[in-house]
Amino acid sequence: MKTPVSYIEIQYIFHGVKIMTIRIPLGLDNYVLTQENKERQVVWDSESAINGHMLIAGDSGTGKTHRLRRLIEAMLRNGGSQVRFHIFDIHGDITISNESVVKFSETTDYGFNPLAINPDPDFGGVRKQIQRFITGINKTSRKLGPRQEAVLRYLLSDLYKAHKFMEDDPSTWCIRPEDVQAVSMVGKEGRIYLDVAFEEKDLAKSLGCQWDTELKAWWIHQGQHVGQLCQWPEKIWGKYQPTLLDAVRFARRKLEAIFIGANSVAVNYLSDVNSKASAYHRKVAEALRRGHEPEDKDKLLEQLATAQEKAISAYSQYLKSIQNGREMAEVLRYDSVEVLKSVYERLENLRAIGIFRSAVPPFDPNAAVWRYDIKYLAPDERLLFVFFKLEDLFNKAVQRGVVSNDNKIRDVILIDEAHNFFTDDEDNILNRIAKEARKFGIALICASQSPTHFSSDFLTNVALKIMLPLDLTYWEGTARKLNIEKDQLKNLIPRETALVHIKESGRKSSKFRTIKLSQ
């Protein structure tokens, strides 16, 4: 008997809108016969299942990818535009008819902006976005130290302020049409425009800045933005969301302005004093060990005195050059050259991955299936990509609000080889989605070679578990973790049978049952 691939039934009407119940035939129950002496169809029903979360586990070659496609195709029969599928494909092989697929690598010109501000007064804002960005770094790569985290927080706060996004003023979190300012740079290529305050114009002019009467701004040639000129940031025309590239450039300017810029001469002379003093004391110590005075003692003392005079003069000039009173505060705020430099390098490394671009990925907005082809990214880069994208999807769903019906699915997230992204940390974004996302209309489908790869939070919250044949090394752990009879696992036949468990509302938890898979 050949079973149908899938079928959909309209179950009820909610507030005048048809809500379709997704019913997915999984296979035939091996042990239960109907009154007509036919094997009973085992069906996952979105109305009766406690949520839309699903788990498929199976060894290589047992048909995981085929099962994933079948699930998606069955769910696609529901309501067209009502459901959006997000497939995170690390092998590039989960192809679906009429999908929209975008490949991500370090050479692509698009990605997503991890610094984009959500203008919603309740869900968005500068502080929350900074915290999300820092959390993302800490959870997906080498964790920032306390001093690095503090410096990055100050750096991003100053960056947002420079872009006119104020932490304590929600009215600044959006970009109005009048905030956008188009500036023609034709004939002005190679210039860097500086944001010079009116009271500092004389200093800017003395340092070589030129005035653009058309744009009414001071500018210098590229390559001149060093030394004391670093005390002024580049001028931002209009208002736009800061990007990771902006953060890298902003960090570099801070590094130059505070530690290599206005006081670079003084720092260099101070280093020379330390060098001369060390040389003098080293030679004196060597001579004393031999029992006599160093021959060039007077010459060394003269060189040290000269270096000291130059350092004193340089620091005196630097102190006189202080114009705005912010110099010392910024030095203290940004801790040390080593810490700021390490933060700058982390930002530069993140930018180099290529996934944090400001251009929006060219997905077809009319396609129900969006496939993120991330096979070209390294494992740690995939982790960053998936974490930040899932955070974005989850936060948007929460902001959208609780769906009108608990079982109504609006977004389906599918992750192959999901063990690469799971941890036992309850704050892991996948664990949070498993526990909290049902009421916001998110269904999570995860596949891997064994259920032992998944966190307890996910396993206890997933409504549908499908066990295809597993490698024998996973039998013991799987039987223990999911309360399955070990013999049930041993007797599975690749591409023919599977174990299925469905959690349904109003029913006691049942045991895994063996089914003949629908082809």
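Just so you know, residue 1 is the first one in the sequence shown, and it goes up from there.
- Here Tyr376 and Phe104 keep their ring centres 6.0 angstrom or further from each other.
- The backbone N or O of Asp425 lies less than 3.5 Å from a partner atom in the side chain of Asn431, making a donor-acceptor pair.
- Side chains of Gln210 and Arg191: no donor on one and acceptor on the other come within 3.5 Å.
- The side chain to side chain donor-acceptor pair (under 3.5 Å) test with Glu417 singles out one residue from Arg382, Gln449, His91, and that residue is His91.
- Between the Glu200 side chain and the Phe198 main chain, no donor and acceptor come within less than 3.5 Å of each other.
- Classified by interplanar angle (parallel below 30°, tilted 30° to 60°, perpendicular above 60°), the ring pair His453/His419 is tilted.
- Under a 3.5 Å cut-off, the side chain of Ser100 and the backbone N or O of Asp364 do form a donor-acceptor pair.
- Considering Lys396, Arg84, Arg400 as possible partners of Asp411, the one that fulfils the salt bridge (Lys or Arg N to Asp or Glu O under 4.0 Å) test is Arg400.
- At distances below 3.5 Å, not a single donor-acceptor pair connects side-chain atoms of Asp59 with backbone N or O atoms of Thr62.
- Under the 3.5 Å distance criterion, with hydrogens and angles disregarded, a donor-acceptor pair is assigned to the side chains of Gln399 and Asp120.
- A donor-acceptor pair is defined here as one N or O able to donate and one able to accept, closer than 3.5 Å; no such pair exists between the side chain of Asp89 and the backbone of Ile374.
- A donor-acceptor pair is defined here as one N or O able to donate and one able to accept, closer than 3.5 Å; such a pair exists between the side chain of Lys239 and the backbone of Thr172.
- Relative to the ring axis of Tyr474, Lys481 does not place its NZ or CZ within 45° and under 6.0 Å from the centre.
- Below 30°, between 30° and 60°, or above 60°: for His221 and Trp219 the angle between ring planes is above 60°, a perpendicular geometry.
- A donor atom on one side chain and an acceptor atom on the other are not found under 3.5 Å apart for Ser455 and Asp424.
- At a cut-off of 3.5 Å, with distance as the only test, a side-chain donor of Thr243 or Asp246 sits close to an acceptor on the other residue.
- Checking side-chain atoms of Lys439 against main-chain N and O of Val398 turns up no donor-acceptor pair under 3.5 Å.
- Phe387 and Phe421 have their aromatic ring centers separated by at least 6.0 angstrom.
- Checking Thr473 against Asp471 by side-chain atom types alone, a donor-acceptor pair falls below 3.5 Å.
- Looking at Thr95 and Glu99, their side chains never bring a donor and an acceptor atom within 3.5 Å of each other.
- Every residue two or more places apart in sequence or in another chain that forms a ring-ring contact (aromatic ring centres under 6.0 Å, His included) with Phe88 is listed here: Tyr372.
- Judged purely by atom type and a 3.5 angstrom limit, His53 uses its side chain to pair as donor or acceptor with the backbone of Ala434.
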